[in-house]
Amino acid sequence: MKYIDLLVNARNKVFAHATKGELSDEDFRQLWNEIENSIVYISKTTGTDIIQTRRILELREEPLEESTCLEIQCLILRQMHEDEQIIRECHKLQGTVKLIKEDIAVQLKQIELQIVDLKSIIRYNVHSELSEQLGEYSDNSGREIEFHNNDKTYVKTSAVIAAIEVLDRDNMLILIGRAGSGKSSAALEIASIFQNKGYIVMNLEQHLAKDFKTYFLSKNKQFIIFEDLFGKSHIGYNEDIHSHLLDAVKPHVTSGQSKFIITLRSYKLDDFDSIVTNHQLLSEASIININGNFSLSTLEKKAMLINHSKHHGHFRLRKAKMLNDVEIQNIIKTDPYLGFPEACRLFCSFQTFFAMGHKFFTSPTKELQSEIRRMKRSGYDKTDLALQYCVLVSLMLDKACEGSFGMKKGIVTCDHNESFSDYKT
């Protein structure tokens, strides 16, 4: 039974169910031996084993029939023909691939040229846009400086002189002072001096400072003023905005040729201390404190008061002064919360304030409240005053909402609500 199975397996594997049309020499010899042994063994049962052995030997030595050889030859020639056709197709494909590669190379070259042209166009457009923005910011700052230079009320202070000395040596300065103390005027005076030295001046308020990278050109000598960078009413350090800005400014401060002024509105020293510790650039910068070591001298206060008085017609040639020396001395002794320069401007701009004398400087807030109440009462009969009163209330509500951090717009906190209680009647 074993030898019958071997014969059946040999038939199925090589002929009936063959998966390949080929057989290796080694497999052929092994298969031949298995078939030969199986046939001889089975023929022993019939007594024909000698005859079968002789026939197997004859078959091994017998050459192939002519028809079989011709068939094999035809198969070989057909295969050679197919191989040659495949080779021709491969050569044709190689030629096609070569042409495609050459075409792709030409197209890539064209695309590269288009990219270069596009980059040039984008660079030109961006440069033109940046130049336009730079020109616009520079022109606006130039107009501010021109207006400042024509201001007859301005008095150059010791803080400005010290700041110029600092910026001749360093590239950054922090100018501290409360609202109305003259920070902006001092910054413009310093900028005017450096403009004469060839610097391009740009005065940037808080909403423009975040785009510093867009328009700053390190190859130019620029004089940048970040005005009230940390806010006007709600003073604070924003990690997302201020850290990115200061990180961008830092390399230009340490090794660049441009100058930077940061003005910081501060009502108390704690405001400044809580901010400068947030960034190395701030903690290492030179500081001019208009409220502290560089506060206005009596001579500077007197000069400001006289300049404002002259500008508003309170001093006339060949006419008696409307402010006597005693009143002037009383005024320059004050330190109004509003800031002496701004208090001088308001004092000399309105007859009602001027008539109050030094009392306006000692309690300007109360007098302003009284003036607003008078404006409200007069508004019932005069439309212009009514509109002015409404604008003031709207501005105060906006400021109150700015201070209500994290609350919905239009909602006023209790603290702010108390500050409006005086204007309800």
Side-chain angles (χ1 to χ4, degrees), residues 1-127 129 210-211 213-214 239-241 243-244 247-248 251:
M1 193 68 183
K2 169 185 173 183
Y3 295 100
I4 294 175
D5 289 339
L6 286 173
L7 290 173
V8 172
N9 288 336
R11 170 188 174 277
N12 292 337
K13 180 179 178 181
V14 178
F15 179 72
H17 305 294
T19 57
K20 293 182 180 181
E22 60 184 16
L23 193 65
S24 66
D25 290 344
E26 183 179 353
D27 290 340
F28 175 80
R29 285 192 292 270
Q30 181 180 352
L31 194 60
W32 180 280
N33 292 331
E34 289 178 358
I35 294 172
E36 181 180 356
N37 293 334
S38 298
I39 292 173
V40 171
Y41 182 82
I42 294 172
S43 62
K44 285 181 180 180
T45 59
T46 59
T48 59
D49 52 312
I50 297 174
I51 298 172
Q52 294 298 335
T53 301
R54 188 185 306 115
R55 288 180 178 178
I56 291 172
L57 291 173
E58 292 174 353
L59 181 62
R60 179 181 293 176
E61 300 298 331
E62 184 180 355
L64 294 176
E65 295 180 1
E66 183 178 356
S67 60
T68 304
C69 290
L70 290 174
E71 184 179 352
I72 293 173
Q73 185 181 11
C74 290
L75 289 172
I76 293 172
L77 291 173
R78 188 182 301 117
Q79 185 64 46
M80 290 175 62
H81 177 72
E82 291 176 355
D83 291 345
E84 290 176 356
Q85 189 174 359
I86 290 173
I87 291 172
R88 285 195 297 272
E89 291 294 330
C90 288
H91 288 160
K92 187 184 297 185
L93 287 174
Q94 286 178 345
T96 304
V97 170
K98 183 178 180 181
L99 291 175
I100 292 173
K101 288 175 68 176
E102 291 175 354
D103 186 50
I104 290 174
V106 171
Q107 292 185 16
L108 286 175
K109 189 65 176 179
Q110 292 175 348
I111 292 172
E112 288 176 359
L113 293 175
Q114 290 175 357
I115 291 173
V116 171
D117 293 340
L118 186 60
K119 284 182 177 179
S120 300
I121 294 171
I122 293 173
R123 192 180 298 111
Y124 174 78
N125 291 338
V126 170
H127 180 73
E129 185 177 349
K210 62 180 178 12
D211 297 324
K213 283 185 177 180
T214 305
E239 187 71 28
D240 293 332
I241 297 174
S243 289
H244 291 142
D247 287 342

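By convention here, the first residue in the shown sequence is residue 1.
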Are the side chains of [Y] and [X] in contact, using a 4.5 Å heavy-atom criterion?
| X | Y | result |
| --- | --- | --- |
| R78 | H81 | no |
| E102 | V106 | no |
| I56 | V40 | yes |

Measuring from [X]:[atom1] to [Y]:[atom2], what's the distance to the nearest 0.5 Å?
| X | Y | atom1 | atom2 | result |
| --- | --- | --- | --- | --- |
| R54 | I51 | CZ | CD1 | 6.5 Å |
| L108 | I115 | CG | CD1 | 9.0 Å |
| M80 | Q85 | CE | CD | 14.0 Å |
| Q30 | S24 | CD | OG | 9.0 Å |
| Q114 | Q107 | CD | CD | 10.0 Å |
| L93 | I86 | CG | CD1 | 11.5 Å |

### Message
Please check this pair: side chain of D103 against backbone of L99, looking for a donor-acceptor N/O pair closer than 3.5 Å.
### Response
no
### Message
For I50, I'd like to know if atom CD1 has over 12 heavy atoms of other residues, nucleotides or ligands within 6.0 Å.
### Response
no
#### Entry: Distance-minimising heavy-atom pair for T48 and T46
OG1-OG1, 2.8 Å
### Message
How close do S43 and D49 get, counting heavy atoms only, and between which atoms?
### Response
OG-CA, 2.9 Å
